[in-house]
Structure formats: structure tokens, C-alpha cells
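Have a look at the structure below, then the notes.
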Amino acid sequence: MDFHYTFSALVAARALLAFAPLPDALKYSQQLSSPLTSYARLKEGVYLFSHGIDPYSGGLFRHSPLLLSAFTTLLPLKDPISKLLWTACDAAAAWSLVKIWRLRQRVGKSSRDGLIAALYLLNPYLFLPSLALSTSSLENTALLVAVAFACERRSSASILLLAILTHLSFSSIIYILPIFLLLTSSPVSNLASPRPFALDFKGLRKAVLPLVGEYFAYTTVLTAASTLVCGGSRAWVEKTWGSFFLLPDLTPNPGLWWYFFTEMFDHFRPFFLMVFSLHLLIYVLPITIKFQHDLLYATFLMAGVSATFKPYPTLSDPGLFLSLWSLFPETYSYLRHPIVTALIHLHGSLLLPLFNHLWLATGTGNANFFYASTLVFGIANGAGLIDAIWAGLATAIPVKDGDWDVGQE
Amino acid sequence: MPPRIVEIIRGMRGGGDRNVARLRRKRAITHLCWKSWPILSLTLLVTGYAWMLTIPSTLHGQKTYIDENALQPSQVTTYWGWTDVHRTDGYLDALEALRDRNASGNEYANYISTEFRKLGVPAATQNYQILTSSEPLNGTNAFAILSAPRASGAEAMIVSASRISMDGHLNLRGISTVLSLAAFLKGYSLWAKDLIFIVSDGYLDGMQAWLTAYHGLSQSNIISEPLTLSSGSIWTALNIDYPGHSFSHLGIFFEGLNGRLPNQDLLNSFQKISLYTGGVPVTVYDHYERGEFPDRDLADIPWWVPHAAMNIEAVKEYVYRAKNIMRHVGYQARGRASGVHGLMHQFRIDAFTMFAIPSAGPHGFHALGRVLESTLRTTNNLLERLHASFFFYLLVGTTTFMKIGSYLPAPVLVSTAMLFSGLGEWARARWAEEPVGPDEKEREPGLGTQWVQRKRPVLPAILFVIGTHLNGVLLFCLIASPWASRNKIFTYPFLVAQAFLFPLLLSLATTKTSSPSTTAPTYQILKSINLCLASTVISITSVLNFSLAATLAILLGPPLIWSGPGKYRHIKAAGYCVLGLGWLLLLPQEVQKALWNWEVLGVWFAPFVCTVYVPLVVQAAIATVLIH
């Protein structure tokens with residue numbers, strides 16, 4: 001079937017789903033939107049802003065001032081418009097994913113295009129947050145479009161989107177290094193033939209420094225614009241970026257941070273906040289160095305790190321990681337335990353809403369139930385990440401069955 | 001040491017290079033796992049079922065106790081006396097007069113609300129209509145709210161009686177008790193929570209209409225008047241069911257919709273109060289405790305138990321507990337409320353029904369009033385919602401219960417066995433045994449065989465799985481449609497065809513070209529996914545609704561594990577048809593009840609069976625008849 005028809009059909013199906021009468025509970029589900037991405041809070045902020053109250057003076061609104069200004073001037077924040085916008089963003093993200101695939105394979109089109117688009121648009125981890133109008137869907141779109149531009153070597157567009165992404169979601173800074181290096185290399189699969197990075201240090205400095213400069217220029221402009229939107233007040237910095245390291249809102253989410261910090265004595269808080277924040281960053285260098293021959297794969301692994309360890313995750317984050325997996329079929333035969341990962345994911349994703357319900361709706365469970373389910377989910381994401389790293393490395397050592405075996409030293 | 005173990009250890013230890021030794025050890029462990037896989041799976045399955053059989057035995061169980069200190073059950077002097085009994089008798093006379101002239105629900109409600117008002121308690125009525133696919137239900141609820149003299153009324157407790165008892169008779173004595181209690185309780189200033197008195201019309205329907213209106217929910221098929229009186233959040237509720245003339249015991253019924261149970265502290269407090277304050281023994285349901293009527297104990301024992309075993313105490317205890325558990329599973333697995341109280345659980349209200357077991361004596365209004373007064377005093381003490389004791393338990397006797405840890409392993413072990421079989425099937429799909437030799441001509445019979453790796457395409461199998469579940473959704477829509485309830489006889493063959501034969505034939509119509517030596521057959525992958533999925537469903541359900549999980553484990557365990565092609569594949573497929581859809585023909589009453597429960601009360605048992613259980617069985621049937 002022609003890819004264009006498949007793609008249109010998928011997008012139409014998603015649009016229908018967006019306008020279907022779905023339960024309201026979806027909008028407030030703690031799995032689908034975090035305090036930083038919730039649509040209800042965005043609406044609240046826009047309402048306060050348009051009534052002349054600084055939304056950052058309270059503790060409720062933690063979205064970027066850019067979203068605030070966009071939804072008060074360009075687009076009114078009405079449900080039908082938002083539904084269309086979110087569906088369009090998902091369509092753009094799926095389109096970018098297909099484009100990345102084509103660039104990686106160096107083909108004009110392939111028989112796998114439709115499948116890749118379907119794996120993005122029909123992935124429940126991705127479309128449920130999108131139906132809940134969580135802004136995490138917009139962040140995913142920004143990332144995928146940025147990566148697609150990077151694969152095309154359109155550096156300015158890519159860096160602009162990257163600057164917007166890190167502005168919206170500060171923990172996305174872990175993508176900067178692999179994407180910058182991707183801009184100076186190629187997206188074509190080199191997993192089977194690892195080799196050192198093409199440029200030496202000098203060449204790298206020459207190639208990357210202008211990109212870094214450009215990134216900082218965009219970031220400065222965005223920051224200035226945000227401050228301008230807030231009437232010169234810098235309160236938004238603490239309320240938006242600050243919440244990524246200060247974790248002020250302990251509303252439950254499917255991640256690993258919130259329960260840990262609800263249980264913590266206050267005098268340990270700063271130390272552990274530092275540990276958790278740094279922990280997210282320590283993966284960047286090793287993974288980028290190890291996968292310097294295939295930086296698209298490194299970017300994919302960063303999505304896995306982010307899904308597992310970021311402070312305010314929603315289901316969109318693991319969803320992005322799983323959907324990105326469709327770009328790397330050459331690693332599939334080297335996966336060690338795909339069915340186990342899939343089963344833990346199945347258990348985790350069923351237990352999350354169930355235990356949330358037992359705790360908060362029927363009242364027969366308690367917070368520990370939901371915490372246990374987030375641990376199962378964390379293990380599922382971790383298992384996926386570890387297996388992805390293993391398979392990415394093992395692709396370089398093709399072993400026929402028989403007398404050879406690969407062990408880990 | 002046995003030689004086999006020595007051999008394994010030697011294989012693990014290896015010699016020479018460290019890395020070689022490690023690889024050899026890894027292979028030895030893999031080999032051991034692979035060899036013991038079927039035995040492990042079978043052991044888990046057998047252990048799971050054996051555990052299930054031990055659940056009613058005295059191996060498990062412990063005495064009940066009160067966990068929440070605030071409750072202080074049976075620690076108050078009660079004041080309910082014969083004057084109050086006399087007043088109750090007066091209400092009963094008036095209600096019996098209404099019954100004798102065949103009064104409508106509306107007349108009852110008007111009489112009751114008038115009486116409440118005469119007592120000086122604000123009262124109101126609520127008309128409702130519930131539209132169902134069969135016939136609409138109309139009725140009128142009467143209720144009154146006595147404001148707490150000592151507190152702001154942020155919390156409330158319910159005393160309720162439905163007009164129809166759970167045994168189908170009129171619950172006139174229950175209603176008169178509620179009326180008389182209102183008169184009596186009004187005289188005391190110690191209430192810290194509002195008291196809500198409800199006399200709901202019908203059996204379950206009236207209370208559902210009242211509760212949805214109270215909690216501001218709109219249910220599309222209920223048209224009801226808004227309530228004119230309101231109060232705070234409701235913590236506890238006591239429902240009175242007193243259909244007979246007198247009673248010998250008070251039976252507790254506690255299962256709520258969708259398998260939710262009330263906090264055990266409430267039941268334990270009631271048991272203590274009833275026994276020590278009211279002098280009325282408590283039973284679980286209407287099952288007399290063992291030893292109370294020795295001849296009845298024997299009647300419960302099935303005929304095939306040897307005569308010598310019948311008089312062993314442990315056997316009698318086993319039979320008594322098994323009877324309680326079976327009754328519990330009957331309610332909980334189907335998500336059914338065992339009484340009017342069950343509707344309240346969905347709103348986080350801990351509630352149970354006290355059923356006055358009809359008998360010639362010796363108890364009546366005097367004992368019941370005292371028990372109610374003291375129980376209300378106990379729940380009045382609560383400073384926060386009941387949370388200390390257990391929400392997950394099996395009440396195997398009046399004062400004996402089982403913690404979740406002692407019964408949950410049974411279904412979880414069975415589901416683990418299914419998971420292991422599924423993973424084993426997945427590993428088997430990977431390998432094919434091939435004769436040695438690069439191509440056909442050079443093969444010689446003496447060379448033996450070698451194992452070759454195969455591809456395992458999951459997409460076709462996943463499409464089968466998604467397709468059967470979507471087909472299950474369609475099946476549910478068809479069964480629930482008014483068209484199906486009108487023409488039962490004609491629709492059943494059609495439904496069997498839709499849910500079972502159609503997917504089977506469609507799967508047979510698919511073709512596959514690749515050879516079995518390079519690609520794993522679809523049926524093997526489908527079986528693997530089917531087992532893993534069923535295992536997940538069972539273990540996830542077990543934390544929500546143990547009875548349903550155990551029922552699924554019993555029904556699905558062996559049939560799904562032993563699916564796959566074989567000699568009698570067509571007979572097996574017919575067996576799956578009976579297992580999956582037999583209820584359609586054999587239990588038409590059950591189907592109607594389950595649908596009614598879904599429509600009116602939102603019990604998800606009916607959709608669960610159609611969209612989860614039936615598709616799982618159909619997948620096993622497809623894995624059995626598929627040839628590629």
C-alpha cells in the first residue's frame with residue numbers, strides 16, 4: 001500500500017480518537033500528565049495570565065512562558081483546537097520518525113515506512129498522553145523533528161528546535177551532545193562496523209563550537225522572550241527549570257523520584273536532589289563515547305535514560321524510547337531478553353493504573369502500592385535500556401551459533 | 001552426592017582458562033534450565049492447585065482482632081429498651097397495613113418520610129426511574145438526615161434498609177427498626193457524625209439511584225430527582241435486612257461491587273458487639289457455625305466422603321470453611337454485591353449488611369436495637385476513615401480469617417506456571433531440528449541431526465491476539481444489545497459463530513509460505529503470547545479480585561497450557577468452544593443477571609468475560625487448529 005494513504009489513514013484514525021467521547025478521568029490521570037505537562041494546569045495558568053495575575057506567583061503552574069504566550073496570543077486554548085494541535089504534532093513526529101528512518105537507510109521510501117508511522121501513532125504509551133493533551137507530546141515532537149533535521153544536516157533548524165526543547169523541558173539537555181555530534185556525522189547505521197569518530201579533536205572543536213554558539217544564542221533569545229512575557233520578572237526560571245532539580249511538586253507520577261522524596265527527611269533533600277540530578281547526566285559521556293560511530297543510536301539510548309530516570313516522566317517518555325526502537329531492526333536478533341522486557345512492560349503498564357485506582361479511588365490500597373508499580377515500570381524501562389545497549393554493541397560481533405560465544409568481561 | 005549433581009557441578013566448574021570456564025558454566029546452567037523447564041512448570045501448576053485445595057484447611061487462618069484503637073467495640077452502656085421495642089412494633093403495624101392493601105413504593109416512601117418528620121428529623125423522598133434493556137424500574141426512596149449535635153457534619157454514617165429483602169420478601173421489620181432508631185437516637189447528644197437514615201425502594205436499584213444522586217454522579221440510564229437534603233462525606237454504613245418474624249443469628253454479608261470488601265475492623269467490631277452487647281451470635285452469611293447444629297454439619301458434607309472421615313473435626317471444619325469460601329467466591333468473582341451495602345463500597349464507604357436469619361426465636365427488636373445502638377456508638381468514635389485493619393482477606397469463619405499472603409500464592413503460582421510454559425514455548429519456537437548436511441543431496445542418514453535457529457515473526461500472532469480481543473468487544477456489544485435480549489433463541493447460534501467459528505475460519509484462511517526450518521510456525525508463537533497474556537491477566541487480577549483470579553486460574557490453566565496441534569485437534573477445538581462460550585447456552589439466567597449488573601450498577605464482570613476471557617480461549621483454539 002502506498003505510504004501516503006497509510007499515513008493519512010493513521011492520522012485520520014488518531015483524529016477520530018481525539019474527538020471520540022472518552023472518559024474525563026484520562027485528563028487527570030497521573031500516568032499521562034505530570035505537574036509539568038498537565039493540560040488542566042496549563043489552562044489554569046493561561047486563565048490567570050489573561051486576568052492579569054502572575055501565574056508563577058503560585059505553585060500550580062510550571063509550564064514555560066513560551067507556551068503561555070503562544071496559547072494566549074496565537075492559539076486560544078480551546079479543547080477542539082488543542083485536540084487538533086496535539087494530533088497534528090503527533091503526525092509531525094511520526095512523519096519525522098519515518099524521515100529519520102529513510103535517511104538512516106539512505107532510501108527514498110521503503111516498505112517499512114507505514115509500520116514505523118503506525119508504531120508511533122498507535123503506541124498506547126504515546127497516544128494516551130496525547131489524548132490527555134499532556135504537553136509531553138509536544139516535547140516528543142520537538143525532539144523528533146530536531147533529530148530529523150540533524151540527520152538532514154540542517155543544523156540551524158535542528159539547533160533551534162533543540163533550544164526550544166531544552167527550554168520546555170530542562171532535563172532534555174542530555175540530548176544536546178549526541179545531537180551536536182550527529183550534526184557533524186551521518187545517521188547511517190554503523191553499528192556493525194564501529195570505528196573512531198571521523199573528526200579529531202581539533203576538527204571537532206572547529207565543527208561543534210559554532211553550533212554551541214548558535215545554541216546559546218537561541219537559548220538567550222528564548223530566555224529573554226520568556227522574561228519579557230513575564231513582564232521582566234525572573235520568577236518563571238525557578239518555577240519551570242528549577243522544578244527539574246528542586247522537585248517541589250510531589251504529585252505521584254510513573255517515575256522513580258517522587259516516592260523517594262516524599263519519604264525523605266528535609267535535611268537530606270538537597271544532597272539527594274543533587275545525586276539524582278547528576279545521575280541523569282552521568283550517562284551522557286559514556287554512551288556518546290561508546291557509540292561515537294552511530295550517534296543516532298546514542299540519541300536513542302538517551303531517550304531510554306530519560307524515560308527511566310527523569311524527574312517528572314509521563315508515559316510519553318518510555319513510549320518515545322519504544323517507538324524509536326523501530327529505527328534499528330539490525331539489532332533485533334542480538335536482543336537477549338525481548339520477551340521478558342515486553343512482559344515486564346505489560347505488567348507494569350497494567351499495574352500502574354490499577355494500583356493508582358486502589359490507592360486514590362477505592363481506598364483499599366495505599367501509596368506503597370503505586371510505588372511498587374512504578375518500581376516494576378522502572379525495571380521494565382531499565383531492562384529495555386540494558387538490552388538496547390547490549391544489542392547495539394553485540395551487532396558489531398556477528399556470531400554464528402556453534403563454537404563461539406560472546407561473554408562480558 | 002548423587003552422580004548427576006556431581007556431573008552438573010563438574011560441568012559448571014570447568015578447567016583451564018577462566019573465560020572458557022565461565023562460558024562453559026553459563027552453558028551448563030542454560031542446559032539445566034532447559035532440561036528442567038517442563039518439570040518446573042508442572043511443579044508450579046500442581047503446587048498452585050494443591051495450595052488452592054488447602055485454603056479451607058486449618059493449616060491457614062488466624063483469629064480476628066480489632067486493629068483500630070478508636071473503635072472500642074462493646075464498651076458502652078446501651079439504653080435501647082422495651083419502650084423503643086413498643087414504638088417499633090407500632091411502625092411495623094402501620095407498615096403491615098400498607099402491605100395488606102398492596103401499597104405502592106411511593107406510598108411507603110410517603111408514609112416513612114412523614115413519620116421521620118413527625119419525629120422532628122428533616123426528611124425527604126426521591127423519585128427515580130432506571131432504564132434497562134428489559135423493563136424500566138420505578139421507585140421512591142425515603143431518607144432523613146439527623147444533624148450531628150456535636151460536630152460540623154463533615155462526616156456522616158448511614159443506617160439503611162431496603163424495602164425488599166435479599167431473600168425476596170418485604171423487609172418491613174428492617175424499615176420499622178430504622179424509623180424507631182431515628183426516634184431513639186435523636187434523644188442523645190453524643191453524635192459526632194451526621195446520621196443518614198435511608199429506606200430505599202426495591203432491592204438494589206433504589207440505593208443506586210440515591211447514592212449516585214448523593215455523590216453528584218450522573219449515570220445515563222438513571223433519571224432521579226436531586227436530593228433536597230445533604231450531609232458530609234459518608235464513612236460507614238449499616239444495612240439492616242430483617243425479613244422474618246424473629247431471628248436466631250445475625251449473618252454478615254460484606255462483598256461489594258467489583259469485589260471490593262469493607263475494612264475488616266468494621267466486621268470484627270460488629271461481631272464482638274452483637275455477641276457481647278446484644279447476646280446474638282454472628283454467622284458468616286446464613287451459614288450456622290460448626291457445632292451449633294451437629295446434624296446440619298453432617299448434612300453439608302458431600303455423600304462421597306467416607307463415613308469414618310465424617311466425624312473427624314478437621315474434616316467438618318474443612319467443609320464449613322469451604323462452604324463460606326465458595327459463597328464468597330460466588331459473590332466476589334462475579335463482582336456482585338451480596339446485599340444493598342455492596343453498592344456503597346464504590347464510594348469508599350465501609351459497609352455491610354446484617355441479615356437477621358429468620359427463625360422462631362429467640363431474638364427480635366430488643367436485641368437488634370441494642371446491637372445497632374452500640375455499633376453506631378463504635379463507628380461514631382472514628383477520627384479518620386477505617387484504614388488500620390485489612391481490606392484484602394478471606395473470612396473463613398466468624399472469628400477466623402486469612403491474610404492475603406496465605407491465599408494469593410495459589411492463583412499466582414498457577415499463573416507463573418502458565419508464564420513459564422509460555423516462555424518455554426517461545427524458546428522452542430526458536431529452534432528446529434534439522435538433518436546434518438549443507439543441502440539435501442549430501443545428507444546421509446547416519447549423520448544425525450543438528451539444531452538450527454529460526455526467525456520468530458511476532459506480528460501475525462499479535463494481529464490474531466488484537467483481532468480476537470476486538471472481536472470480544474463486538475461480542476459484548478451484541479450480547480448487551482436490546483436486539484439480543486429480545487430474540488434469545490435465534491441469537492445464540494449467531495453469537496457462537498461470531499465469537500468462535502468466524503475467527504477460527506478466518507485464521508485458517510490465512511496462508512504462510514516460509515518453511516518451518518527457517519521460520520517458527522505461527523501457532524507456536526500465538527500459543528506463547530496467549531499463555532503469557534493469560535498469566536498476566538491472572539496475576540494482575542489477583543490483587544484486585546482474588547476470587548476472579550482463582551476462577552480464571554482454574555478454568556484457563558491446563559486448557560491453555562495444553563493447546564496446540566495434535567491428534568484430536570478438532571475435538572480439542574470443540575472443547576475450547578464449550579469452555580469459552582458454554583455459559584451462553586448453559587447459564588442464560590446468569591447472563592441476564594450479569595448484564596443487568598453491568599447496566600445498572602457498573603459491574604465489569606460481563607464486559608471482562610466477553611473482552612478478556614473469551615478471546616483468550618479463542619486464541620488457544622486458533623493455536624490448536626492452525627496448521628502453519
Side-chain angles (χ1 to χ4, degrees), chain A residues 21 23-25 111-112 114-115 118-119 122-124 326 329 332-370 372-373 376 380 398-409, chain B residues 18-27 30 235 256-263 345-350 385-387 390-393 404 415 419 422-423 425-427 429-431 450-453 455-459 462 466 525 528-529 531-533 535-537 539-541 543-545:
Chain A
D24 249 6
S111 56
R112 209 177 145 80
L115 183 67
L119 283 176
L122 301 182
N123 180 347
S326 61
Y332 290 173
S333 53
Y334 298 96
L335 292 172
R336 279 192 301 187
H337 45 72
I339 193 166
V340 177
T341 312
L343 280 172
I344 307 175
H345 255 294
L346 184 66
H347 278 85
S349 56
L350 289 173
L351 282 176
L352 277 172
L354 186 68
F355 279 172
N356 194 275
H357 180 78
L358 280 189
W359 171 26
L360 296 166
T362 60
T364 49
N366 55 41
N368 298 319
F369 282 55
F370 186 59
S373 67
V376 174
V399 175
K400 288 271 175 221
D401 47 295
D403 294 338
W404 296 92
D405 207 338
V406 180
Q408 194 181 346
E409 186 66 350
Chain B
R18 248 180 68 235
N19 287 325
V20 174
R22 199 163 55 197
L23 285 179
R24 206 171 277 158
R25 188 161 60 228
K26 201 175 118 190
R27 285 194 174 180
T30 317
W235 282 5
L257 297 182
N258 293 324
R260 207 262 201 194
L261 303 180
N263 192 290
H345 293 172
Q346 56 185 320
F347 301 103
R348 227 176 152 168
I349 304 166
D350 290 297
R385 269 179 204 279
L386 284 167
H387 63 278
F390 302 95
F391 281 106
F392 301 98
Y393 53 86
I404 188 163
S415 100
L419 183 70
L423 291 176
E425 200 63 38
W426 176 253
R430 179 75 161 160
W431 299 98
Q450 64 175 9
W451 289 92
V452 291
Q453 287 198 17
K455 277 197 243 160
R456 289 174 292 191
V458 289
L459 203 60
I462 285 187
I466 294 175
I525 296 169
S528 162
I529 295 179
L531 277 168
C532 291
L533 198 61
S535 148
T536 311
V537 167
S539 46
I540 300 279
T541 322
V543 285
L544 191 67
N545 188 333

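As a basis for the values below, the full set of heavy atoms in this structure was taken, side chains included, without hydrogen atoms, waters or symmetry mates.
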Q. Angle class for the B/F392/A/F369 ring planes (parallel below 30°, perpendicular above 60°, tilted otherwise)?
A. parallel
Q | Closest heavy-atom pair and its distance - B/H345, B/P262 | A | CE1-CD, 3.4 Å
(Q) Is B/V543 close to chain A through its backbone or its side chain, or both, or neither, when contacts mean heavy atoms under 4.5 Å? (A) both
Q: To the nearest 0.5 angstrom, please state how far the OG atom of A/S326 sits from the CG atom of A/L115.
A: 7.0 Å
Q. Which pair of non-hydrogen atoms, one from B/N545 and one from B/G259, has the smallest distance, and what is that distance?
A. ND2-CA, 4.0 Å
Q | Proximal component of B/L423, with respect to chain A [non-hydrogen, under 4.5 Å] | A | side chain
Q: Using non-hydrogen atoms and a 4.5 Å limit, figure out which bit of B/I529 sits close to chain A: side chain, backbone, both or neither.
A: neither
Q: Identify which part of A/L351 has an atom lying under 4.5 Å from any heavy atom of chain B, answering side chain, backbone, both or neither.
A: both
Q. How far does CG of A/L350 sit from CZ of A/F355, to the nearest 0.5 angstrom?
A. 11.0 Å
Q | Side chain, backbone, both or neither of B/L544 within contact of chain A (heavy atoms, under 4.5 Å) | A | side chain
**Q.** Exercise: identify the closest heavy-atom pair between B/L419 and B/S535
**A.** CB-OG, 3.4 Å
Q) With side chains defined as the heavy atoms from C-beta onward, is the minimum distance between B/I525 and B/W426 less than 4.5 Å? A) yes
Q: Identify the residues of residues 361-368 of chain A whose heavy atoms come closer than 4.5 Å to a heavy atom of chain B, ordered by number, or report 'none'.
A: A/A361, A/T362, A/G363, A/T364
Q) Should B/F391 and B/I404 count as side-chain neighbours, where that means a heavy-atom distance under 4.5 Å? A) no
Q. So, do A/P329 and A/R112 sit near enough that their side-chain heavy atoms are less than 4.5 Å apart?
A. yes
Q.
If the contact rule is any heavy atom under 4.5 Å from chain B, which residues of residues 341-348 of chain A qualify, in numerical order?
A. A/L343, A/L346, A/H347
Q. Quick one: SG on B/C532 to CD on B/E425, what's the gap to the nearest 0.5 Å?
A. 10.0 Å
Q. Considering only heavy atoms from C-beta outward, does the side chain of B/R260 approach that of B/Q346 to under 4.5 Å?
A. no
Q: Measure the spacing between CZ of B/R385 and CD1 of B/I349 and express it to the nearest 0.5 Å.
A: 8.0 Å
